[in-house]
There are 2 protein chains.
Amino acid sequence: MSIFHINRKTDYAVRVIVALARHPLGTRLSAKLLQEETLVPQAFLNRIIAQLSQGNLIESFPGPRGGLQLARSAEEITLRDIVEIMEGPILLSECLKEKETCPLAEACPIRNRWGGLQSTITQALDQTTMSQLVSELSSLS
Amino acid sequence: MSIFHINRKTDYAVRVIVALARHPLGTRLSAKLLQEETLVPQAFLNRIIAQLSQGNLIESFPGPRGGLQLARSAEEITLRDIVEIMEGPILLSECLKEKETCPLAEACPIRNRWGGLQSTITQALDQTTMSQLVSELSSLS
DNA sequence: AAATTGTTTACCTTTTTGGTAAACAATTTA
DNA sequence: TAAATTGTTTACCAAAAAGGTAAACAATTT
């Protein structure tokens, strides 16, 4: 699509977390209700929910009176948490993995630049919490 | 692979521009020589060179005594120039295109965050010039 | 036991990535 | 002007990722 693009799956996951974060911690919402709020296709949403659950960002309870709830408070969930659970670690270039050896390693002028940009991105994502998003949301409506 | 990942094609393109930028403006290098310096597969490199040429970042001259040269000085070529020629405009989310309409547009708390991060990234790329990379390279060797 | 809710697995289509190869076009020089 | 040299274009390809569907499965409550 385009470089530095957020995948739809991750975008959807943010919608899910924000929908949950709008309610008091401990509130359980069903997958069906989350579907109505996020507009994500149900079958796809199921897998996103499962991934968020495996990543310990949400907790799930089967059966009647079950549902999904945040695993911790909205202040303690950042955009980076969600991005990394859905996409894996942020890595601008293979050469930023210590173990990797690049044929140009001896004379690579770009590696440190990618490293710096990667730090900038991860810091920006770290600084955005779900409670910030929720308060922006209420100021919109 | 991983989110916020620089594609190999773009990484290769940076190698090409840096290789050219190490010589005085106006110096022509052949595609064959560039292949030896960048280690990019020849057939793939040909297409990368063509794309850089179409993007007016380099100039090409066919025939004997021909070759490739930078279209402007290394101080005037930024990482963003290369990234956008190889990958198209930087766009974190579809919803950042003015014309796009998102079903959540009325109540979307994340759009401005993606917009801010996108600005941060493009500014960082704007601030890196090829002459900076070349001088870092000489300080390495 | 039945109803309700989340989980897992398998499968699918389209697009992107990374690459190869050969024909083609332009320019210089013998 | 023909041959040699150099870049350009096009067609093709395999593997992976993106985005999604659907059905069987497991757990819990009533």
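What you see is a predicted model, and the numbers here were worked out from it, not measured in a lab. What's counted below: heavy atoms across the whole structure, side chains too, no hydrogens, waters or symmetry copies.
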Side-chain donor-acceptor contact under 3.5 Å, B/T129 with B/E75: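 No donor-acceptor contact under 3.5 Å links the two side chains.
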
Regarding A/T78 and A/D81, is there a side-chain donor-to-acceptor distance under 3.5 Å anywhere?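 A/D81 and A/T78 do have a side-chain donor-acceptor pair below 3.5 Å.
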
Once each nucleotide of nucleotides 15-25 of chain D is scored for protein heavy atoms under 4.0 Å, what B/S/- sequence comes out, 5' to 3'? --SSSBBB---

Looking at A/R80 and A/E84, does any basic side-chain N land under 4.0 Å from a carboxylate oxygen?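 Counted as a salt bridge, because a side-chain N and a carboxylate O are separated by less than 4.0 Å.
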
Give a yes or no on whether a salt bridge exists between A/E136 and B/R113, defined as a side-chain N under 4.0 angstrom from a carboxylate O.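 Yes, charged N to carboxylate O under 4.0 Å.
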
Show the numbers, then the answer: is there a side-chain contact (heavy atoms from CB on, under 4.5 Å) between A/L117 and B/L79? CA-CA 11 Å; A/L117 180 54; B/L79 260 190; over 6 Å; no

For a quick check of understanding: with a heavy-atom distance under 4.0 Å over all strands, which category does A/Q54 fall into, base, sugar-phosphate or nothing?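 Sugar-phosphate, backbone atoms only, no base.
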
Give one of base, sugar-phosphate or nothing for B/L29, where a contact means two heavy atoms less than 4.0 Å apart.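 If one applies the 4.0 Å heavy-atom cut-off, B/L29 turns out to touch the sugar-phosphate alone, with no base involved.
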
Which sits closer to the 5' end of DNA chain D, B/R65 or A/G63, going by the nucleotide each is nearest to?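 Taking each residue's closest nucleotide, the earlier one in sequence belongs to B/R65.
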
Shortest non-hydrogen contact from B/L125 to A/W114?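 Heavy-atom minimum between the residues: CD2-CZ3, 4.1 Å.
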
How close or far is atom [atom2] of [N] from atom [atom1] of [X], stated in whole angstroms?
{"X": "A/I48", "N": "C/dG6", "atom1": "CD1", "atom2": "P", "result": "15 Å"}
{"X": "B/E59", "N": "D/dT6", "atom1": "CD", "atom2": "C1'", "result": "16 Å"}
{"X": "B/R28", "N": "C/dT28", "atom1": "CZ", "atom2": "C1'", "result": "11 Å"}
{"X": "B/Q35", "N": "C/dG19", "atom1": "CD", "atom2": "C1'", "result": "14 Å"}
{"X": "B/I58", "N": "D/dT8", "atom1": "CD1", "atom2": "C1'", "result": "12 Å"}
{"X": "B/Q69", "N": "D/dG7", "atom1": "CD", "atom2": "P", "result": "12 Å"}
{"X": "B/F61", "N": "D/dG7", "atom1": "CZ", "atom2": "C1'", "result": "11 Å"}
{"X": "B/I49", "N": "D/dT9", "atom1": "CD1", "atom2": "P", "result": "13 Å"}

Measure up the B/F44 and B/Y12 rings against each other and bin them: parallel (under 30°), tilted (30 to 60°), perpendicular (over 60°).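 The arrangement is perpendicular - the two ring planes meet at more than 60°.
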
Taking Watson-Crick and G-U wobble pairs with both distances under 3.5 Å, convert DNA chain D into its dot-bracket string, 5' to 3', dots for unpaired and | for cross-strand pairs. ||||||||||||||||||||||||||||||

Phosphate OP1/OP2 of C/dG6 contacted by A/S53 side-chain N/O (<4.0 Å):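 Answer is no, no contact under 4.0 Å.
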
Distance test, side-chain N/O of B/S60 to OP1/OP2 of D/dT6, below 4.0 Å: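 So the side-chain polar atoms of B/S60 never come under 4.0 Å of the phosphate oxygens OP1 or OP2 of D/dT6.
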
Check B/L45, B/L34, B/L39 against B/R15 for a side-chain contact (heavy atoms from CB on, under 4.5 Å) and give me the one that passes.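 Answer to the side-chain contact (heavy atoms from CB on, under 4.5 Å) test with B/R15 among B/L45, B/L34, B/L39: B/L39.
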
Looking at B/R65, I'd like to know if its CZ atom is crowded, meaning that more than 12 non-hydrogen atoms belonging to other residues, nucleotides or ligands lie closer than 6.0 Å.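 No, because the 6.0 Å sphere around CZ of B/R65 holds 12 heavy atoms or fewer from other groups.
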
